[in-house]
Amino acid sequence: MDVREYIRKAVQALGAEAPFVELEVPKVAEHGDLSTPVAMTLARGLGRPPRAVAEEIAAVLSGEEPFERVEVAGPGFINFTFKREFLYGELGRLLKDPSRYLRKEMGKGQRLQVEFVSANPTGPLHLGHGRGAAVGAALSNLLQRAGYDVEREFYVNDAGRQVRLLGESIFSRYKEVLGLSWPFPQEGYRGEYVRGLAETLIRTEGERFKDSEFDEVAGEFIRFGVEQMLKEIEDDLRGFGVVFDRWQSERALYEEGLVQRCLDELRGKGKVYEKEGALWFRSTEYGDDKDRVVIKSDGSPTYFASDIAYHWYKIHRGFQGLINIWGADHHGYIPRIKAVIRALGYPEERLRVLLVQMVTLLRGGVPVQMSKRAGEFVTLREVVEEVGADTTKFIFLTRRPDSHLEFDIEVAKKESAENPVYYVQYAHARIQSIFAKAEEQGLELGEAAGLDRLKEEEEIGLIKKLLLYPLMFEGAVREMEPHRVTFYLQELAGLFHPYYNRHRVLGEEPGLSRARLSLCRAVMAVLGEGLSILGVTAPKRM
RNA sequence: GCCCCCUUAGCUCAGUAGGAUAGAGCACAGGAUUCCUAAUCCUGGUGUCAGAGGUUCGAAUCCUCUAGGGGGCACCA
């Protein structure tokens, strides 16, 4: 239903140009099925009153095939009402090839990389990581359906201080379990899982590190810890239904000389310089507050060094767009990384950073106390086990990522009967069940036919909503906002359930039943498509 | 001190690229099932869009200031 094309042509007939034709669904039914304020936007440039421009555009459009009525209203809106035959025709197209109708080609095979979660492999994933995972996965799915070639990547910070602290924490527990002692590192990881790791190590490696100093065996402890934690993280993510295409190790960036090569390139471009024994990156040249240290005066690299190399490497791997999904606490880091992109000679739009805000965990309205230092926190795994992956994801995806989220475990569970996710899934399951019944009754499903039998108000409403999916989809892709899908699905289910209650699909005269089955099939296809974007299951039975 | 994000109904949140009379769910009250799944449906009302200025035909949306909440400002990661 590309109404935009009609409008664009009509605008051109006036000798004007509309780079983007805004379309909206009017809040009031009297304003038609769809509306555009384009005349008002153009009026200024044309130096003419908005209503006059609107009248002229409307005059051109009123002859076009899809429209029953084209009206000018208010300050200069153009309101469209579709012909029934047009709606049936579009529904037929949707049914004929749902994925073609529902997945608008926007990416043209452009390669995009979405990097998300990227939690330090020093502990289990917590709920905040879960939010990033849900958003990242849904966004990736969304972009993929828009024709982008998407890679999902997890960046593993397996170099540097944090993993060393993990190693030493394990080492200390290792000694402790063996009845020896080793001072626990100041900022070590105090969670119970560290003791578990130490015990595992004793089981597999025995007591052979018993008399060692940490420095002698640091490499082994770090490698072991990282490996175990990564395994656990990957498991947790799988349990959450989130899978990555690629895991990029930070350590590998060093080992393969990529950090060095990248810094050399920057040096060649004059973007880094030596001062006071350290190597600095000229980020002020790109609007950052101050230049940033890349290599410290003791010769060791900062985190920034590998992050520079990492982004350099991503671009060199041929991605036209990089999307980073970060926790909001990293937002101060954005100007620095953008500066890197520009210093390397690429437009900063090459990188888009989406921030995901913090999650406050509640249980029955009371905040759950978490102490990172003491290693006490509620893990993603625990929440998924208690609440379920579908519900957890759905809750994450019913909020804008950049606003704080209160996640009340009790509410998420208690609501389970009236939880939004079930509301949507239930619509899907109900339709499945109608089909099962129809099959029992030997009713031919076959090709969509007799759609013009759908005359009930609820049916017309459903059809219109279905046909709006592409408009929603396009907006969600453009703005990279998967939560729009979530809201759309709730609205669609909100039209289906009343319809289901008021009208019967089966048991009507066969022609009508077949038409209604077709409508149901379309609703199911759209629900299924949307849920698959969100990574939420579409159950056949509930 | 400087910077970023947030503030919309009792609660949790939407509000699509500046558009018309600001919306859902929850909660609350009452009702619907001999019939395709009652995880459903129907009927009830709710707003100083944090506040004050500004930009314009038009602002919850853009700009400035103020208040409140969160986060960030290292040769930390």
Side-chain angles (χ1 to χ4, degrees), chain A residues 20 22-28 30-31 35-37 40-41 43-44 49-50 73-77 79 120 122 157 160-163 165 187 275-280 289-290 292-298 300-304 327-335 355 357-358 360 365 395 398-400 402-408 411 415-423 425-427 429-438 440-441 471-472 474-476 478-479 481 483-484 486-488 490-491 493-494 496-508 513 516-517 520 541-542:
Chain A
F20 177 80
E22 195 184 344
L23 278 181
E24 50 191 56
V25 182
K27 290 165 198 144
V28 196
E30 292 79 61
H31 292 157
S35 174
T36 180
M40 291 182 283
T41 323
R44 180 187 298 263
F77 290 96
N79 297 335
N120 279 345
T122 51
N157 293 118
R161 180 158 177 269
Q162 294 309 313
V163 289
L165 277 169
E187 291 166 80
K275 192 181 89 184
E276 295 160 5
L279 188 68
W280 299 71
D289 299 341
K290 50 167 78 169
R292 307 288 172 171
V293 170
V294 180
I295 306 285
K296 295 184 256 181
S297 52
D298 67 0
S300 64
T302 63
Y303 235 72
F304 190 39
D329 53 340
H330 287 75
H331 75 262
Y333 209 65
I334 297 175
L355 296 177
Q357 272 290 354
M358 314 269 115
T360 311
I395 288 174
T398 354
R399 264 79 165 173
R400 270 190 7 257
D402 61 347
S403 64
H404 295 251
L405 168 64
E406 290 199 355
F407 191 105
D408 193 315
V411 173
E415 268 191 350
S416 66
E418 291 160 40
N419 203 306
V421 68
Y422 295 111
Y423 188 76
Q425 289 181 317
Y426 190 48
R430 271 185 152 173
I431 296 173
Q432 287 280 358
S433 143
I434 295 174
F435 282 128
K437 203 76 160 194
E440 255 172 53
Q441 298 179 1
L471 194 64
M472 178 284 297
E474 205 180 319
R478 187 187 60 232
E479 300 298 326
E481 293 183 348
H483 72 273
R484 294 193 194 190
T486 321
F487 281 89
Y488 173 89
Q490 293 185 72
E491 289 160 13
F496 177 76
H497 287 305
Y499 173 59
Y500 180 93
N501 267 278
R502 245 180 311 243
H503 303 284
R504 296 191 58 75
V505 174
L506 305 176
E508 299 288 343
S513 276
R516 288 184 173 172
L517 276 170
C520 285
R541 198 171 299 127
M542 286 174 76

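Just so we're clear, the structure is a prediction, and the values are computed from it rather than from any experiment. Naming convention: chains lettered A, B, ... in sequence-line order (proteins, then strands); numbering from 1 in each chain.
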Under 4.0 Å from OP1 or OP2 of [N]: is there any side-chain N or O of [X] that close?
X	N	value
A/Lys296	B/A77	yes
A/Ser403	B/A14	yes
A/Tyr422	B/A39	no
A/Arg400	B/A14	yes
A/Arg502	B/U40	no
A/Lys290	B/A74	yes

Kindly point out which of [options] is positioned nearest to the side chain of [X]?
X	options	answer
A/His330	B/A39, B/A77, B/A17	B/A77
A/His31	B/A20, B/C75, B/C41	B/A20
A/Asp329	B/C75, B/G72, B/A20	B/G72
A/Ile434	B/C36, B/U16, B/U21	B/C36
A/Phe487	B/U16, B/C13, B/C5	B/C13
A/His483	B/A38, B/A14, B/U16	B/A14
A/Lys27	B/A17, B/G23, B/C41	B/G23
A/Glu479	B/A17, B/A74, B/A39	B/A17
A/Arg399	B/U12, B/C41, B/C75	B/U12
A/Arg44	B/C57, B/A77, B/C35	B/C57

Tell me what [X] touches on the nucleic acid: a base, only sugar-phosphate, or nothing, going by heavy atoms under 4.0 Å.
X	value
A/Ala73	base
A/Ala429	base
A/His497	sugar-phosphate
A/Glu276	base
A/Pro37	base
A/Ala278	base
A/Tyr333	base
A/Leu405	sugar-phosphate
A/Ser297	base
A/Thr398	sugar-phosphate

Whole angstrom is fine here: how far is it from [atom1] in [X] over to [atom2] in [N]?
X	N	atom1	atom2	answer
A/Leu355	B/C5	CG	P	9 Å
A/Gln490	B/U16	CD	C1'	15 Å
A/Tyr303	B/C73	OH	P	14 Å
A/Arg504	B/C41	CZ	P	17 Å
A/Tyr500	B/U33	OH	P	16 Å
A/Asn79	B/A20	CG	P	11 Å
A/Tyr499	B/C41	OH	P	16 Å
A/Tyr426	B/C41	OH	C1'	11 Å

**Asked** What closest approach, in Å, do A/Ile395 and A/Leu405 show between heavy atoms, and which atom pair accounts for it?
**Response** CG2-CD1, 4.4 Å
**Asked** A/Phe496 vs A/Tyr500 aromatic rings, parallel, tilted or perpendicular, using cut-offs 30° and 60°?
**Response**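 Correct class here is tilted.
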**Asked** Parallel, tilted or perpendicular: which describes the rings of A/Tyr499 and A/His503, with under 30° parallel and over 60° perpendicular?
**Response**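 Plane angle between 30° and 60°, so tilted.
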Please confirm whether the backbone N or O of [Y] pairs with a side-chain atom of [X], one donor and one acceptor, at under 3.5 Å?
X	Y	answer
A/His31	A/Ala73	no
A/Ser300	A/Lys296	no
A/Asn157	A/Asn120	no
A/Arg400	A/His483	no
A/Thr302	A/Val294	yes
A/His331	A/Ala328	yes

Write down the partner of [N] under the Watson-Crick or G-U wobble criteria, each distance required to be under 3.5 Å.
N	result
B/A50	B/U66
B/G1	B/C73
B/G44	B/C28

Using atom names, set out every protein N or O paired with an N or O of nucleotides 67-70 of chain B below 3.5 Å, distance rounded to 0.1 Å.
none

